[in-house]
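Each ligand, and each atom within it, is numbered from 1 in the order the structure gives.
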Amino acid sequence: MTVFVTGGAGFIGANFIFYMLRQHPDYRIVCIDKLTYAGNLSTLEPVMSNPNFRFAKVDICDREAVYQLFEEENPDIVVNFAAESHVDRSIEDPEIFLRTNILGTQVMMDACRKFGTKRYHQVSTDEVYGDLPLDRPDLFFTEQTPIHASSPYSASKAGADLMVMAYYRTYGLPVTISRCSNNYGPYHFPEKLIPLMIANALADKPLPVYGDGLNVRDWLYVEDHCRAIDLIIHNGRVGEVYNVGGHNEMSNISIVRMICRELGKPESLITYVTDRKGHDRRYAIDPTKIHSELGWLPETKFEDGIKKTVKWYLDNRQWWETIVSGEYRNYYEKMYGNR
Ligand code: NAD
Ligand code: DAU
């Protein structure tokens, strides 16, 4: 079985590659990644010499290069993580979000059609549903919740989801979609809330909380997300969407306070800053479908997951310090420049 994993040098994609090589040691895993600012090849160092793993520096929008890889590897399954993923960046400059997230998805699906790939899986997000009000804790996103995106990022992911369903209906492409809530864990790029707060707190820098800090996200440990995708690509029903989340809603401010406590840093570092434009108030997933159809439940409780995550950032300072310094961008050149 050969599985293409796009965006595998990023946060969730890399965790997924490690997970798959552990769970399915006989599978061949091919990582396709353009190595944008968010891709860090050094993350994949532990699997680089695994004979069942291949890394290809390819842009998913580059049709020729993508078709070439399909020709060479003939994958059975494609899991598309590759995306521009940061909401704040999409507010500054939406264009690359449309290109990678929508057109890149189209190229990957065209390749699957052309080469007869048995499953195309789109890694989507709960953000396509828009947000929920804080004063209605009884409301959750189900797979029937209408698409109602707020940011250029979530609109681009919603556009991709619509294309995926269109390819299913029009061409019969065997697709599945997962829409997951906020992930956290090792290798999370330090521009996102949890790793940014850990890195800043360790450097005794201000901890910038947007608006009133009361926005709520539904946090899931990254390995639980990886397990959900593994279940969906093997046992999920074609043409279906599966929401993934673990009923773990937390306000931003409570998370930042928890990180201060874990690191023994004073809450006086917390600084309220101007709110994100169009900031979604609350996300909350109803995971009934994936639980009842595929038996998935999250395994890591937030109290344990956040401790593990903080410890990982303490034990792997070099990984994120080279990102903060920008040095990680030289890694590919250093390793591949003369090859
Ligand atoms: P990330 O930003 O950490 O990683 C994205 C990866 O994609 C990087 O390695 C980058 O180099 C690569 N990439 C970007 N553009 C590319 C292109 N044109 N061609 C090839 N590779 C390209 O993102 P992440 O947080 O790991 O998210 C992965 C996926 O999961 C995204 O599709 C995102 O929308 C989705 N998602 C993320 C979360 C979350 O909490 N992080 C939750 C739900 C869904
Ligand atoms: O819900 C899934 C989504 O989660 C994914 O689709 C996205 O790819 C991923 O980036 C994430 O989006 P968010 O916008 O929720 O994540 P972020 O870490 O950027 O922000 C989390 C919350 O913290 C949000 O309410 C904004 C706030 N925040 C964020 C940063 C970076 C702050 O208050 N201060 C900050 O410095």
**Prompt:** On the ring face of Tyr120, is Arg113 found with NZ or CZ under 6.0 Å from the centre and within 45° of the axis?
**Reply:** no
**Request:** Measure the distance from atom 19 (N) of ligand 1 to every protein heavy atom, then report the residue, atom name and distance (to 0.1 Å) of the closest one.
**Result:** Ile60 N, 2.9 Å
**Asked** Can you name the nearest heavy-atom pair linking Ser181 to Gly245, along with the distance?
**Response** OG-CA, 3.7 Å
**Prompt:** Which is closest to atom 13 (P) of ligand 2 by heavy-atom distance: Lys192, His188, Glu127?
**Reply:** Glu127
**Prompt:** With a 3.5 Å cut-off and no angle check, do the side chains of Gln68 and Glu72 form a donor-acceptor pair?
**Reply:** yes
**Message:** Do Tyr210 and Asp88 pair up side chain to side chain, a donor and an acceptor below 3.5 Å, judged on atom types alone?
**Reply:** yes
**Message:** Please list, in number order, the atoms of ligand 1 under 4.0 Å from a heavy atom of Ala82.
**Reply:** 7 (O), 20 (C), 21 (N), 22 (C)
**Asked** Using a heavy-atom cut-off of under 4.0 Å, does the side chain or the backbone of His86 touch ligand 2, or both, or neither?
**Response** side chain
**Fill in**
Per-atom filter on ligand 1: closer than 4.0 angstrom to a heavy atom of Ser124 are 43 (C), 44 (C)
**Prompt:** Which option, Tyr184, Tyr210, Phe11, owns the non-hydrogen atom nearest atom 28 (N) of ligand 2?
**Reply:** Tyr210
**Request:** Tell me which protein heavy atom sits closest to atom 5 (C) of ligand 1, plus the residue, atom name and distance to 0.1 Å.
**Result:** Ala83 O, 3.5 Å
**Request:** Using a 4.0 Å heavy-atom cut-off, say whether Leu193 meets ligand 2 through its side chain, its backbone, both or neither.
**Result:** both
**Request:** Taking only heavy atoms of Asn182 into account, list the atoms of ligand 1 that are under 4.0 Å away from them.
**Result:** 40 (O)
**Message:** With no hydrogens and no angle check, just 3.5 Å: does a side-chain donor-acceptor pair link Thr322 and Ser325?
**Reply:** no
**Item:** ligand 2 to Pro208 polar contact by distance, N or O atoms, under 3.5 Å
**Value:** yes
**Request:** Flag Ser85 as yes when one of its N or O atoms lies below 3.5 Å from any N or O atom of ligand 2, and as no otherwise.
**Result:** yes
**Request:** Using distance alone, decide if ligand 2 has a nitrogen or oxygen within less than 3.5 Å of any nitrogen or oxygen in Leu196.
**Result:** no
**Asked** Backbone, side chain, both or neither: what part of Asn182 comes under 4.0 angstrom of ligand 2, heavy atoms only?
**Response** both
**Asked** What do you reckon, does Asp280 have a nitrogen or oxygen under 3.5 Å from a nitrogen or oxygen of ligand 2?
**Response** no
**Prompt:** Does the side chain of Thr176 pick up a donor-acceptor pair with the side chain of Arg119 at under 3.5 Å?
**Reply:** yes
**Request:** Flag yes if Val58 and Phe81 sit in one hydrophobic cluster, no otherwise; membership is Ile, Leu, Val, Met, Phe, Trp, Tyr, and two members link when side-chain heavy atoms are under 4.5 Å apart.
**Result:** no
**Request:** Look at ligand 1 and say whether Val123 reaches it with a heavy atom at a distance under 4.0 Å.
**Result:** yes
**Prompt:** Which is it for Asn40 and ligand 1 at heavy atoms under 4.0 Å: side chain, backbone, both or neither?
**Reply:** neither
**Message:** Just so I know, are the side chains of Thr105 and Gln122 near enough to count as touching, which here means a heavy-atom distance under 4.5 Å?
**Reply:** yes
**Message:** If we set the cut-off at 4.0 Å for heavy atoms, which region of Leu35 has an atom near ligand 1: side chain, backbone, both, or neither?
**Reply:** backbone
**Message:** Counting only heavy atoms closer than 4.0 Å, does ligand 1 sit against the backbone of Arg99, its side chain, both, or neither?
**Reply:** neither
**Prompt:** Should Val58 be listed as contacting ligand 1, given a heavy-atom distance under 4.0 Å as the test?
**Reply:** yes
**Prompt:** Any idea which part of Thr100 is under 4.0 Å from ligand 1, heavy-atom wise: side chain, backbone, both or neither?
**Reply:** side chain
**Item:** Pair Asp286-Thr142, side-chain donor/acceptor within less than 3.5 Å
**Value:** no
**Asked** Strictly under 4.0 Å, does any heavy atom of Gly8 approach an atom of ligand 1?
**Response** no
**Asked** Going by atom types alone, do Asn101 and Tyr153 pair a side-chain donor with an acceptor below 3.5 Å?
**Response** no
**Message:** Within the 4.5 Å heavy-atom criterion, are Phe11 and Asn15 side-chain neighbours or not?
**Reply:** yes
**Request:** Check whether any N or O atom of Glu191, backbone or side chain, sits under 3.5 Å from an N or O atom of ligand 2, and answer yes or no.
**Result:** no
**Request:** Mind telling me whether Phe16 and Tyr19 have parallel, tilted or perpendicular rings, with 30° and 60° as the class edges?
**Result:** parallel
**Message:** Within the 4.0 Å heavy-atom shell around Ser181, which atoms of ligand 1 are there?
**Reply:** 42 (C), 43 (C)
**Complete:** When distances are taken from atom 26 (O) of ligand 1, the protein heavy atom at minimum range is Ile12 N, 2.8 Å
**Complete:** heavy-atom search around atom 21 (N) of ligand 1 in the protein gives Lys34 N, 3.1 Å
**Request:** Report yes if some heavy atom in the side chain of Tyr328 is under 4.5 Å from a heavy atom in the side chain of Ser42; otherwise report no.
**Result:** no
**Asked** Would you say Tyr153 contacts ligand 1, with heavy atoms under 4.0 Å as the rule?
**Response** yes
**Item:** Heteroatom distance test (Phe81, ligand 1): nitrogen or oxygen, under 3.5 angstrom
**Value:** yes
**Asked** Of the choices His279, Lys157, Arg217, Arg281, which has the non-hydrogen atom that lies closest to atom 26 (C) of ligand 2?
**Response** His279
**Asked** Tell me: protein heavy atom nearest atom 40 (O) of ligand 1, and distance?
**Response** Asn183 N, 2.9 Å
**Asked** Is there a donor-acceptor contact under 3.5 Å linking the side chains of Arg89 and Tyr37?
**Response** yes
**Message:** Regarding ligand 1, does Asn80 bring an N or O atom to under 3.5 Å of one of the ligand's N or O atoms?
**Reply:** no
**Prompt:** Would you say the side-chain atoms of Arg63 and Tyr67 include a donor-acceptor pair closer than 3.5 Å?
**Reply:** yes
**Prompt:** Can you find a pair of side-chain heavy atoms, one from Phe55 and one from Leu35, that are under 4.5 Å apart?
**Reply:** yes
**Message:** Tell me the protein heavy atom at minimum distance from atom 1 (P) of ligand 1, and give that distance in Å.
**Reply:** Ser85 OG, 3.5 Å
**Item:** Minimum heavy-atom distance between Ile255 and Trp219, given as atom pair plus value
**Value:** CD1-NE1, 3.0 Å
**Request:** Go through Tyr221 and Glu299 one step at a time and tell me if the side-chain hydrogen bond (donor to acceptor under 3.5 Å, both in side chains) criterion holds.
**Result:** CA-CA 8 Å; Tyr221 194 64; Glu299 285 177 357; over 6 Å; no
**Request:** Would you mind telling me if ligand 1 is within reach of the side chain of Phe189, the backbone, both or neither, using heavy atoms under 4.0 Å?
**Result:** neither
**Message:** Checking side-chain polar atoms at under 3.5 Å, does Tyr283 have a donor or acceptor matched by the opposite partner on Glu249?
**Reply:** no
**Request:** Measure from atom 32 (O) of ligand 1 to every heavy atom in His225, Gln122, Lys157 and give the option owning the shortest one.
**Result:** Lys157
**Prompt:** Given Arg179 and Tyr242, is the side-chain hydrogen bond (donor to acceptor under 3.5 Å, both in side chains) satisfied, shown in steps?
**Reply:** CA-CA 6 Å; Arg179 294 185 179 143; Tyr242 292 89; over 6 Å; no
**Item:** Check: Cys180 and Leu220 side chains under 4.5 Å, non-hydrogen atoms
**Value:** yes
**Item:** Shortest protein heavy-atom distance from atom 4 (O) of ligand 1, along with the residue and atom involved
**Value:** Gly10 CA, 3.4 Å
**Item:** Presence of salt bridge, Arg99 and Asp59, under 4.0 angstrom
**Value:** yes
**Request:** Report yes or no: does a heavy atom of Ser178 sit under 4.0 Å from some atom of ligand 1?
**Result:** no
**Asked** At a 4.0 Å threshold, what atoms of ligand 2 neighbour a non-hydrogen atom of Thr125?
**Response** 1 (O), 2 (C), 3 (C), 5 (C), 6 (O)
**Minimum-distance protein heavy atom relative to atom 7 (O) of ligand 1** = Gly7 CA, 3.4 Å
**Message:** Considering both backbone and side-chain atoms of Ser181, is one of its nitrogen or oxygen atoms within less than 3.5 Å of a nitrogen or oxygen in ligand 2?
**Reply:** no
**Request:** Could you check which of Asp33, Asn15, Val107 puts a non-hydrogen atom nearest to atom 8 (C) of ligand 1?
**Result:** Asp33
